[in-house]
Amino acid sequence: MKKGAVAILPLAIGVAIYGFAFGLLAAQIGFPWWGVGLMSAAVHAGSSQIVAVEQFSNSSAILGAALAGAALNLRYIGIIASLSEVLAGMSIGLKLLTIHITGDENWALTMSERAKSNEIGASFLIGSGLVIISVWTASTAGGALVGAGLPNLQQFGLSFAFTAAFIAMARGLWRGNSNIVPWFIAFVATTAVIWLGLPKAYAIVAGALCGLIASNFLIIKKGDKNDK
């Protein structure tokens, strides 16, 4: 566990900065610092928390916020599936705990290190995960605590930190030219929903579903060609 905890520290710094910015803006719309910290510990998913906070701020499209959060985190299905060997032999309770503390950063680091050495396993994932969730919870709660006593930060463009974070996340998910068609379809669907004046949360859901359908269609079509 110690090896994973130490190895994740450079990535944890970035998580802390992003989390602090999220806490600042959450406080600006009325979220108490303890509520932000509790959300971070219980949800532990930055993208879902951002959508939830934005929707709760104007008291609309709560269902859309929940669906958007789920759509944004569909990638975790693949992440959990890739950890089947790492989690093998663990009790169901420990598996659930490990899955909860697994984020993009410690998962990517664990798989990268595991590719170099098969000795890297659950203890590395758990150690790095405990650091990430602790840093995320502390930084978001700290940001909210500080943000509650500051003037309106939206005027300084701090909210762009979230846009930048999503761009960085998308860049990490890019797998080459095969993604062009699904991503383009997702972009068109998202833009269309926003243009129609519907809540942005529903636009995220529409884009994710259309992109997923397009991706699966291309996979099936490619499989049919290979069979021939």
Side-chain angles (χ1 to χ4, degrees), residues 1-16 18-19 37-52 66-140 165-166 168-176 178-179 182 208-209 211-220 222-224 226-227:
M1 289 178 63
K2 181 179 178 181
K3 186 174 182 180
V6 173
I8 200 69
L9 289 178
L11 294 175
I13 295 174
V15 170
Y18 171 39
L38 181 61
M39 180 194 294
S40 295
V43 179
H44 189 213
S47 54
S48 293
Q49 291 178 235
I50 291 171
V51 171
L67 292 174
L72 286 169
N73 288 320
L74 283 175
R75 67 187 185 282
Y76 280 107
I77 296 176
I79 287 176
I80 294 170
S82 70
L83 293 173
S84 57
E85 292 185 7
V86 177
L87 302 177
M90 298 169 62
S91 66
I92 184 64
L94 188 55
K95 281 183 179 179
L96 291 175
L97 174 62
T98 304
I99 290 171
H100 178 64
I101 64 176
T102 296
D104 295 304
E105 296 82 8
N106 68 307
W107 168 76
L109 180 62
T110 299
M111 299 307 288
S112 175
E113 293 299 314
R114 187 173 172 79
K116 302 174 185 176
S117 173
N118 288 330
E119 295 181 0
I120 300 298
S123 62
F124 187 96
L125 179 67
I126 293 172
S128 57
L130 287 173
V131 170
I132 287 297
I133 192 172
S134 298
V135 169
W136 174 250
T137 302
S139 62
T140 54
F166 278 120
M169 186 187 300
R171 179 63 184 87
L173 295 173
W174 178 257
R175 295 294 180 269
S178 60
N179 288 158
L209 289 178
L212 183 62
I213 292 171
S215 180
N216 287 336
F217 176 78
L218 291 176
I219 291 174
I220 294 173
K222 183 178 180 180
D224 291 340
N226 291 336
D227 291 340

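The minimum heavy-atom distance linking Trp107 with Ser82 is given by the pair NE1-OG, 2.9 Å. Nearest heavy atoms, Ile133 versus Ala41: CD1-O, 3.9 Å. Residues Ser215 and Pro182 come closest through the heavy atom pair CA-CG, 3.9 Å. Heavy atoms only, all atoms of each residue included: Gly121 and Val86 are closest at C-CG1, 3.7 Å. What you find for Tyr76 and Gly103 is that their closest heavy atoms are OH-CA, 3.8 Å.
A heavy-atom distance below 4.5 Å is not found between the side chains of His44 and Thr137. Under the 4.5 Å side-chain criterion, counting only non-hydrogen atoms from C-beta, Tyr18 is not in contact with Thr140. The shortest distance between side-chain heavy atoms of Asp104 and Ile79 falls below 4.5 Å. Side-chain contact between Val135 and Glu105 is absent, with no heavy atoms from C-beta onward closer than 4.5 Å.
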Carefully, step by step, assess Ile99 and Leu87 under the rule side chain to side chain contact (heavy atoms under 4.5 Å, CB included).
CA-CA 9 Å; Ile99 290 171; Leu87 302 177; 4.0 Å; yes
Might you work through the side chain to side chain contact (heavy atoms under 4.5 Å, CB included) test for Ile101 and Ile132, ending with a clear yes or no?
CA-CA 8 Å; Ile101 64 176; Ile132 287 297; over 6 Å; no
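Taking OG1 of Thr102 as the reference point, atom CG of Leu97 lies at 9.0 Å (rounded to 0.5 Å). Atom CE of Met90 is separated from atom CG of Leu125 by 8.0 Å, given to the nearest 0.5 angstrom. The OG1 atom of Thr110 lies 7.5 Å from the CG atom of Leu83; values are rounded to the nearest 0.5 Å.
Remark: Gln49 engages Ser40, Trp136 in a side chain to side chain donor-acceptor pair (under 3.5 Å) (not counting sequence neighbours). A search for side chain to side chain donor-acceptor pair (under 3.5 Å) contacts involving Ser128 returns nothing, not counting sequence neighbours.
Judged as a salt bridge (charged side-chain N to carboxylate O under 4.0 Å, His left out), the pairs with a partner in residues 79-94 (not counting sequence neighbours) are, in order, Glu85-Arg114.
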